[in-house]
Amino acid sequence: MINIEEIKLYNPGVLLTKLDDDIFSQVKENMYSQINPEEVLKSLKQDTFSFSGSNPDLNFKIDSGFTRVLTDMFSEYSKRFNFHTGNKFAVNRNAWVNYQRKTEFNQLHYHSDIAVYILYVSIPYKLEEELKNPSEKIICPIKSSLFEFVYSKIDGGVHQQNLKIDKSWEGTLIMFPSYMLHQVYPFYTSNDYRISIAGNVRLLK
């Protein structure tokens, strides 16, 4: 019997945590104090496109409590994945809000800086209802409402990793490398808005 050993290859992953109710409530209160939801929803009714960070009206500054959570989370991320270890970093205080209606989606994209965070504020559907929805208008029913990472494997193949996000994810925070391609599929079973907060972590020179 030959002795076989394994060499682990470097590959940063995704971290997630559930915010305490008090912190989550404070984040939402701070967001809505800077962004008028009535004006946002009024604009949404007049536009067929998904609103995201490209709309300056949906940018806001995160509070110090949420900044500390994100700082602690990136410190843990750096330690677990040996990701930019030893480098100084800062959480961008400028975040943005994503409002999406039924059938809207975010196409495959990546971010600047070194890491991305997403906080799920309001998810108006249950996953099982989305995946069993028989509507003929759904292009890819097995991925309805999902969040998806797309990345290359070491053998040259392309891997797709899904996060099964629904109402149970409200208050959940995820963090991953900014260069990691990701996309969000449309949902169909609710007329309410899917709302999330996103932002970046940057290196300091």
Side-chain angles (χ1 to χ4, degrees), residues 12-44 46-47 49-79 81 83-101 104-123 147-149 163 165 169-184 193-205:
V14 180
L15 289 186
L16 65 85
T17 187
K18 195 87 168 181
L19 294 187
D20 292 340
D21 290 343
D22 290 345
I23 295 178
F24 186 40
S25 296
Q26 182 61 44
V27 171
K28 291 189 291 184
E29 182 179 340
N30 176 58
M31 178 187 76
Y32 286 125
S33 71
Q34 299 178 58
I35 298 173
N36 187 329
E38 293 183 359
E39 290 299 319
V40 170
L41 297 179
K42 180 180 178 181
S43 298
L44 283 168
Q46 298 174 355
D47 198 324
F49 294 96
S50 172
F51 279 69
S52 66
S54 61
N55 186 333
D57 293 336
L58 296 182
N59 293 340
F60 75 104
K61 289 190 178 298
I62 60 175
D63 60 79
S64 58
F66 190 34
T67 301
R68 285 193 296 272
V69 170
L70 293 166
T71 299
D72 290 344
M73 193 166 186
F74 183 78
S75 295
E76 180 65 20
Y77 191 99
S78 178
K79 181 174 64 176
F81 297 114
F83 188 75
H84 293 283
T85 305
N87 293 322
K88 294 183 178 180
F89 68 92
V91 174
N92 287 343
R93 296 294 297 273
N94 292 320
W96 62 90
V97 186
N98 296 290
Y99 278 84
Q100 288 185 319
R101 297 170 294 188
E104 292 182 335
F105 61 95
N106 283 345
Q107 64 186 12
L108 196 64
H109 67 285
Y110 62 91
H111 293 235
S112 60
D113 298 318
I114 57 170
V116 182
Y117 67 83
I118 299 174
L119 174 63
Y120 296 98
V121 176
S122 180
I123 309 296
F147 182 102
E148 184 174 77
F149 293 108
L163 299 183
I165 294 167
W169 280 64
E170 292 181 352
T172 298
L173 174 69
I174 65 172
M175 182 174 286
F176 53 93
S178 59
Y179 52 76
M180 197 168 183
L181 289 169
H182 55 285
Q183 59 188 343
V184 183
Y193 291 90
R194 176 166 58 188
I195 305 173
S196 62
I197 294 171
N200 296 332
V201 179
R202 71 181 190 276
L203 285 180
L204 297 177
K205 295 182 180 180

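Quick caveat, the model's predicted, so the values are computed rather than measured.
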Working for side chain to side chain contact (heavy atoms under 4.5 Å, CB included), residues Leu163 and Phe149: CA-CA 8 Å; Leu163 299 183; Phe149 293 108; 3.9 Å; yes

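With sequence neighbours excluded, no residue forms a side chain to side chain donor-acceptor pair (under 3.5 Å) with Arg68. Residues satisfying the side chain to side chain contact (heavy atoms under 4.5 Å, CB included) criterion with Asn36, sequence neighbours excluded, are Glu38, Glu39. A search for side chain to side chain contact (heavy atoms under 4.5 Å, CB included) contacts involving Lys61 returns Gln34, Asn94, not counting sequence neighbours. Residues satisfying the ring pair (Phe, Tyr, Trp, His ring centres under 6.0 Å) criterion with His84, sequence neighbours excluded, are absent altogether. Listed by chain and number, the residues in a side chain to side chain contact (heavy atoms under 4.5 Å, CB included) with Asn200 are Asn92, Trp96, His111, Ser112, Asp113, Val116 (sequence neighbours excluded). By the ring pair (Phe, Tyr, Trp, His ring centres under 6.0 Å) test, Phe83 pairs with Tyr77, sequence neighbours left out. Under the rule for a side chain to side chain donor-acceptor pair (under 3.5 Å), the partners of Gln183 that lie at least two apart in sequence or sit in another chain are Glu148, Tyr185. Every residue two or more places apart in sequence or in another chain was checked for a side chain to side chain donor-acceptor pair (under 3.5 Å) with Ser78, and none qualifies. For Lys88, there are no salt bridge (charged side-chain N to carboxylate O under 4.0 Å, His left out) partners, not counting sequence neighbours. With sequence neighbours left out, the ring pair (Phe, Tyr, Trp, His ring centres under 6.0 Å) criterion links Phe89 to Phe74. Every residue meeting the side chain to side chain donor-acceptor pair (under 3.5 Å) condition with Thr85, not counting sequence neighbours, appears here in chain and number order: Asn82. Scanning for side chain to side chain contact (heavy atoms under 4.5 Å, CB included) contacts around Ser122 gives Glu170, Ile195, with sequence neighbours left out.
In summary, of the residues considered (Asp20, Val91, Leu119, Ile23), a side chain to side chain contact (heavy atoms under 4.5 Å, CB included) with Val69 occurs for Ile23 alone.
Two residues are said to be in side-chain contact when any heavy atoms from C-beta on lie closer than 4.5 Å; Asn30 and Phe66 fail this criterion. In this structure the side chain of Gln100 never reaches within 4.5 angstrom of the side chain of Tyr193, judged on heavy atoms.
Relative orientation of the Phe147 and His182 rings is parallel, given thresholds of 30° and 60° on the angle between their planes.
Other residues, nucleotides and ligands contribute at most 12 non-hydrogen atoms within 6.0 Å of the OH atom of Tyr110.
Between atom CG of residue Asp63 and atom CE of residue Met31 there is a gap of 11.5 Å, rounded to the nearest 0.5 Å. The distance from the OH atom of Tyr117 to the OG1 atom of Thr17 is 15.0 Å, given to the nearest 0.5 Å. The CD1 atom of Ile174 sits 5.5 Å away from atom CD1 of Ile165, with the distance rounded to the nearest 0.5 Å. With values rounded to the nearest 0.5 angstrom, Glu76 atom CD is found 9.0 Å from Met73 atom CE. Going from atom CE of Met175 over to atom CG of Leu16 covers 11.5 Å, rounded to the nearest 0.5 Å. Taking CG of Leu181 as the reference point, atom CG of Leu108 lies at 4.5 Å (rounded to 0.5 Å).
Residues Phe105 and Val184 come closest through the heavy atom pair CB-O, 3.0 Å. For the pair Tyr179 and Pro12, the tightest heavy-atom approach, listed with the atom from each and the gap, is OH-CG, 3.5 Å.
Here the side chain of Arg93 pairs a donor or acceptor atom with the backbone of Ile62 at under 3.5 angstrom.
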